[in-house]
Protein chains: 2
Amino acid sequence: MIDALREDVVPHVSVAAVLDSRSSPEEASAAFDVADIVVEAATVDAARTLLPEVVKRGKDIIVCSCGVFAERGFDVEPFDSGPGRVLLPTGAIGGFDVLAAATRAGSRDARLTHTTIKRPGALGIEECLDAERTVFRGSAREAALAFPRTSNSSVALALATLGLDRVEVVVIADPAAASTRHVVEWESPLGRYELTFENAIDPASSGRTSAITAWSVIEVLAALPLGIGPGAVVLGPLRRW
Amino acid sequence: MIDALREDVVPHVSVAAVLDSRSSPEEASAAFDVADIVVEAATVDAARTLLPEVVKRGKDIIVCSCGVFAERGFDVEPFDSGPGRVLLPTGAIGGFDVLAAATRAGSRDARLTHTTIKRPGALGIEECLDAERTVFRGSAREAALAFPRTSNSSVALALATLGLDRVEVVVIADPAAASTRHVVEWESPLGRYELTFENAIDPASSGRTSAITAWSVIEVLAALPLGIGPGAVVLGPLRRW
């Protein structure tokens, strides 16, 4: 993502600073002061401390470790008052546009399931499986607590639609899986949607992260100057934030 | 959509005026003056004349009759200078979020196909078919010219991704189709996505329009005060446009 931004793939967006786990609090503070937007792409632990600090400065933060919102005692409501905004990318999946619209149309009789199929190793399963096995079935909130590193898109999907406790998440370990696959199934009186995402892996992620995930963050960065998006078609001049 | 807005489903958005084919130019002009946003939900012919008039007033317009952009001599470039913006809803489909991100990641080796399966009657086919029949295969631009009333989401999808001449559209008449089905298939080095949308029909549309379409417009209206969306998750205060 940093490389892409340095190659100017997004007009009007550039990298002000890059922090990592070795950065000092002073370096972090200085970076937050100069940046318009902060992108968290670290861990749930990092997100837990970063979020309030950035938001209270009136800066927007794009959070990749969405699992933090599933933790009891870390509610989303306090962020409604800002002054900064918390923005969640679609991550490894998509269709939040139509699913958010369908949710607004009526969620009472709606059902939403997010099934993730990964190689056992990518789920931290060492033993050798000879067939696929369902290793988890529960709410998006429970999934995030059980698989914090694999549930970020489930949490974002839930917060975009029916909420953390009403979206069902299924995690399947498949020794035959060549890549990671996500299946998002929606059913309501408005319609039935089945969205399948088979993603190439980001080689820099030691097999854990889909390459599309970084681009979903870039899509949010590109949307902010437009004042709309991701995915919305805009013909016309920029609205700078 | 008008009913929903009058029931306040979208905070900070209300209906200023409603125009129809019997409205006078004076009524239209007065409505454009008071509105912040104009929603075109009429015909390609109406869109062709409305768009420039609204945009030159510096007002944003949400265009449902996207087929207008497929017409030669009606290019999108002039709208880049505004001052108003043209916004296209996802209509009967979705996934523009992930598909726009995948397009930005690299479109050279990408393929995108939008297949629509409808009852023959909904495609204007009177004869009785005993099996499904492919009635069209071509670019999104050609589809919009051949089926202006059924191709709006193909045009929006194309403008969000690979463009009108690189997105393949297939239209299938299926006498056994109980509802309208859309299948959007993306393939690129980043991944393979298959998105299936089976929509309930809007009873007010004489069998032609999916109910989700109106909600996709509402989703754009809801996104504008946020300064991001459709489908993007935002925790935090509104940014008014």
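Quick note: numbers below take in every heavy atom, side chains included, and nothing from hydrogens, waters or symmetry partners. Below, read A as the first sequence line, B as the second, and so on, with proteins coming before strands; counting in each chain starts at 1.
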Inset, instruction - Without swapping roles, check the side chain of A:Lys118 against the backbone of A:Ile172 for a donor-acceptor pair under 3.5 Å. - result: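 No, the answer is negative, given that no donor and acceptor are paired below the 3.5 Å cut-off.
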
Inset, instruction - For A:Arg166 and A:Ser107, indicate whether the former's side chain and the latter's backbone hold a donor-acceptor pair under 3.5 Å. - result: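 The answer is yes, because a donor-acceptor pair under 3.5 Å joins these two groups.
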
I need the residue from [options] with the largest number of non-hydrogen atom pairs under 4.5 Å to chain A.
options                               : value
B:Ala214, B:Cys66, B:Pro83, B:Ala156  : B:Pro83
B:Pro237, B:Ala100, B:Gly82           : B:Pro237
B:Ala200, B:Gly95, B:Ala105, B:Gly191 : B:Ala105
B:Thr161, B:Val9, B:Leu190            : B:Leu190
B:Ala92, B:Ala101, B:Ser210           : B:Ala101
B:Val220, B:Leu88, B:Val183, B:Val10  : B:Leu88

Legend entry - Of A:Leu195, A:Val184, A:Val98, the residue whose pairing with B:Leu195 passes side chain to side chain contact (heavy atoms under 4.5 Å, CB included):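 Testing B:Leu195 for a side chain to side chain contact (heavy atoms under 4.5 Å, CB included) against A:Leu195, A:Val184, A:Val98 leaves exactly one candidate, A:Leu195.
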
Legend entry - Passing candidate, side chain to side chain contact (heavy atoms under 4.5 Å, CB included) with A:Val167, options A:Leu112, A:Leu99, A:Thr113, A:Val155: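 Only match with A:Val167 under side chain to side chain contact (heavy atoms under 4.5 Å, CB included): A:Leu112.
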
Inset, instruction - Indicate the ring-plane relationship of A:Tyr193 and A:Trp186, choosing parallel, tilted or perpendicular according to the 30° and 60° boundaries. - result: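 Correct class here is parallel.
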
Legend entry - Leading residue by heavy atom contact count with chain B [cutoff under 4.5 Å; candidates A:Leu235, A:Asp80, A:Val234, A:Val63]: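 Top option by heavy-atom pairs under 4.5 Å: A:Leu235.
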
Legend entry - chain B contacts, top residue of A:Leu87, A:Asp97, A:Thr90, A:Val86 (heavy-atom pairs, under 4.5 Å):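 When all of A:Leu87, A:Asp97, A:Thr90, A:Val86 are compared, A:Asp97 has the most.
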
Select one option (side chain, backbone, both, neither) describing which atoms of [X] are under 4.5 Å from chain A's heavy atoms.
X        : value
B:Val217 : neither
B:Leu157 : neither
B:Pro89  : neither
B:Ser81  : backbone

Inset, instruction - Compare all side-chain heavy atoms of B:Arg111 with those of B:Leu162 and state whether any distance is below 4.5 angstrom. - result: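 A side-chain contact under 4.5 Å is absent here.
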
Inset, instruction - Output the distance between atom CD1 (A:Ile62) and atom CG (A:Leu221), rounded to the nearest 0.5 Å. - result: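 The CD1 atom of A:Ile62 sits 4.0 Å away from the CG atom of A:Leu221.
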
Legend entry - Separation between OG1 of B:Thr116 and CD1 of B:Ile93, rounded to the nearest 0.5 Å: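 B:Thr116 atom OG1 to B:Ile93 atom CD1 measures 7.5 Å (nearest 0.5 Å).
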
